[in-house]
2 protein chains.
Amino acid sequence: MTEKDKQTEEKIFEAATTIFLEKGMDGARMQEIADRAGINKSLLHYYYRSKDRLFNAVFEAIVRLLFQKFAPVLDEKLTLEEKTRFFLREHISFLQQNPRLASFVLNEINRNPAIVKKFIEKLDFNTLWDTLETQHQDEFLKYNITRESIPQLITSILALSVFPFAARALIASIFETNEFSFDDYIEQRKEYAADFVVNAIKNK
Amino acid sequence: MTEKDKQTEEKIFEAATTIFLEKGMDGARMQEIADRAGINKSLLHYYYRSKDRLFNAVFEAIVRLLFQKFAPVLDEKLTLEEKTRFFLREHISFLQQNPRLASFVLNEINRNPAIVKKFIEKLDFNTLWDTLETQHQDEFLKYNITRESIPQLITSILALSVFPFAARALIASIFETNEFSFDDYIEQRKEYAADFVVNAIKNK
DNA sequence: GTCTATAGAAGGATAGAC
DNA sequence: GTCTATCCTTCTATAGAC
């Protein structure tokens, strides 16, 4: 692969990422992607064969990014509270920098479940939960967290982080008419969400 | 409007609701809606003029339903804890019965912010928050809930309810490989989420 | 590798008969 | 009010010149 290839392929990939994030698979147009990449429509097919394959390449990269960015949290030797605070701060900051990501991923996984399985099957969640149970045995006992309730806890933490971005247009619109700022709300949220979870757990 | 009109218009509207919920505005096809309604494509235009207007009619009905179903919660003379438990039980049950609703609404409001404003502008959130503050003055004081933090609290409650459905395909997919059931998870969640919020608040 | 031109299909919308 | 036929546009994808 020559240097020129790489440049063009990269330009296409970046343009596609932008457009797909903004419009979704169904709403995105190959012409728009080509325009943004500053090349001809035919070149998209030359490099990626079809819209489907181009989309899959983009989606795969995004999912890979998500997992590799937050998997390390589990390796950290932190208390449950520290881990929660660390994760929520990092996760909310990450979505803050990529505002369309949450809505995009949530939408596409529901429209095309097959694409999800491809990634899920690579991961071993039983092992992941074992790790959590081992790392935080004492705290789980103390706070009465059972293996059954781990999914409830994890999805709750994710919910507090992801939902504001998924519902961003709605929340921002409400704030606008009430002299609130969405940005301030998100800044506050990093600590609020962490306190919320920690208090919810500790008070069991 | 004759009886026959109403029947056809209703059939179209129901078919459109189903298809739009499933495919979204961009993914939906007029032909598919016509097929499902058991009528010809031209009739869609006869009754609704365009895809846009048909979509708006469907979307408006859904948003109206959401508000009219949950606005009464605020009128109830319940404690903050009772209100939280009541709302979460009802809201999760509602989404349980309409599994595609959460994902659909979240996606469309981000794609078409104009449609959101149309509804938001009708509502007076300042008054709504005043009502909450008045109704629960003692509890707000006791639990240290300020006017500033009301949006954080409300979005947190909504997050715990909505997120599992918005991320349904992902969560269900993970559960599948681990002998968990999404339905059981949702049933549990009605109480788990309520406990979570109540504990988070009380422990401040 | 990149472009122009165009095929081929599908989608939304309308005209006009009944 | 409902249908058939069709227009016009748009979109993905390919052929072929350079």
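In what follows, every chain begins at residue 1, and chains take the letters A, B, ... in the order their sequences are listed.
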Is A:Ala28 touching bases, backbone alone, or none of the nucleic acid, heavy atoms closer than 4.0 Å? sugar-phosphate
Between [X] and [Y], is there a donor-acceptor pair closer than 3.5 Å when you use the side chain of the first and the backbone of the second?
{"X": "A:Asn178", "Y": "A:Phe180", "answer": "no"}
{"X": "A:Asn199", "Y": "A:Asp195", "answer": "yes"}
{"X": "A:Ser149", "Y": "A:Gln152", "answer": "no"}

Please tell me which of the listed nucleotides, D:dT2, D:dT12, C:dC3, lies nearest to the side chain of B:Leu43?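 The closest nucleotide is D:dT2.
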Taking the side chain of A:Ile39 as heavy atoms from C-beta outward, which of C:dG1, C:dC3, D:dA13 is closest to it? C:dC3
Expressed in angstrom and rounded to an integer, what is the separation of [X] atom [atom1] from [N] atom [atom2]?
{"X": "B:Asp52", "N": "C:dA13", "atom1": "CG", "atom2": "P", "result": "8 Å"}
{"X": "A:Met30", "N": "C:dA10", "atom1": "CE", "atom2": "P", "result": "17 Å"}
{"X": "A:Lys51", "N": "D:dT10", "atom1": "NZ", "atom2": "P", "result": "16 Å"}
{"X": "A:Ile33", "N": "D:dT12", "atom1": "CD1", "atom2": "P", "result": "8 Å"}
{"X": "B:Arg29", "N": "C:dA9", "atom1": "CZ", "atom2": "P", "result": "17 Å"}
{"X": "B:Gln31", "N": "D:dC3", "atom1": "CD", "atom2": "P", "result": "12 Å"}
{"X": "A:Asp35", "N": "C:dT2", "atom1": "CG", "atom2": "C1'", "result": "15 Å"}
{"X": "B:Ile12", "N": "D:dT2", "atom1": "CD1", "atom2": "C1'", "result": "10 Å"}

Taking only residues two or more places apart in sequence, or in another chain, which ones meet [X] in a salt bridge (Lys or Arg N to Asp or Glu O under 4.0 Å)?
{"X": "B:Glu148", "value": "none"}
{"X": "B:Arg100", "value": "none"}
{"X": "A:Asp130", "value": "A:Arg147"}

Is it true that A:Tyr46 and A:Thr8 share a donor-acceptor pair across their side chains at a distance under 3.5 Å?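 Checked: A:Thr8/A:Tyr46 side chains show no N/O donor-acceptor pair below 3.5 Å.
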Pair A:Asp52, A:Ser50: side-chain N/O donor-acceptor within cut-off below 3.5 Å: no
By the salt bridge (Lys or Arg N to Asp or Glu O under 4.0 Å) test, which pairs, at least two apart or in different chains, include something from [range]?
{"range": "residues 180-192 of chain A", "value": "A:Glu187-A:Lys190"}
{"range": "residues 34-44 of chain B", "value": "none"}
{"range": "residues 57-72 of chain B", "value": "B:Glu60-B:Arg64, B:Glu60-B:Lys118"}
{"range": "residues 160-180 of chain B", "value": "A:Lys117-B:Glu176"}

Any residue of residues 53-62 of chain A with a heavy atom less than 4.0 Å from an atom of DNA chain C: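 Heavy-atom contacts with DNA chain C come from no residue of residues 53-62 of chain A; none.
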Residues from residues 14-27 of chain A sitting under 4.0 Å of DNA chain C, heavy atoms only?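 Heavy-atom cutoff 4.0 Å gives no residues at all.
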When rounded to the nearest 0.5 Å, the distance separating CG of A:Asn98 from CG of A:Leu65 is 7.5 Å
Using the C1' atoms of five pairs at each end, what's the angle between the two axes of the helix from C:dG1-D:dC18 to C:dC18-D:dG1, to 10 degrees?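 Computed angle between terminal axes is 10°.
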Listed pairs, N/O of protein and of nucleotides 14-18 of chain C, under 3.5 Å:
from: C:dT14; atom 1: O4; to: B:Ser42; atom 2: OG; distance (Å): 3.2

Please list every donor-acceptor pair under 3.5 Å in which a side-chain atom of residues 17-28 of chain B meets a protein atom from a residue at least two apart or in another chain.
from: B:Thr17; atom 1: OG1; to: B:Phe13; atom 2: O; distance (Å): 2.7
from: B:Thr18; atom 1: OG1; to: B:Glu14; atom 2: O; distance (Å): 3.0
from: B:Lys23; atom 1: NZ; to: B:Glu32; atom 2: OE1; distance (Å): 3.0
from: B:Lys23; atom 1: NZ; to: B:Glu32; atom 2: OE2; distance (Å): 2.8

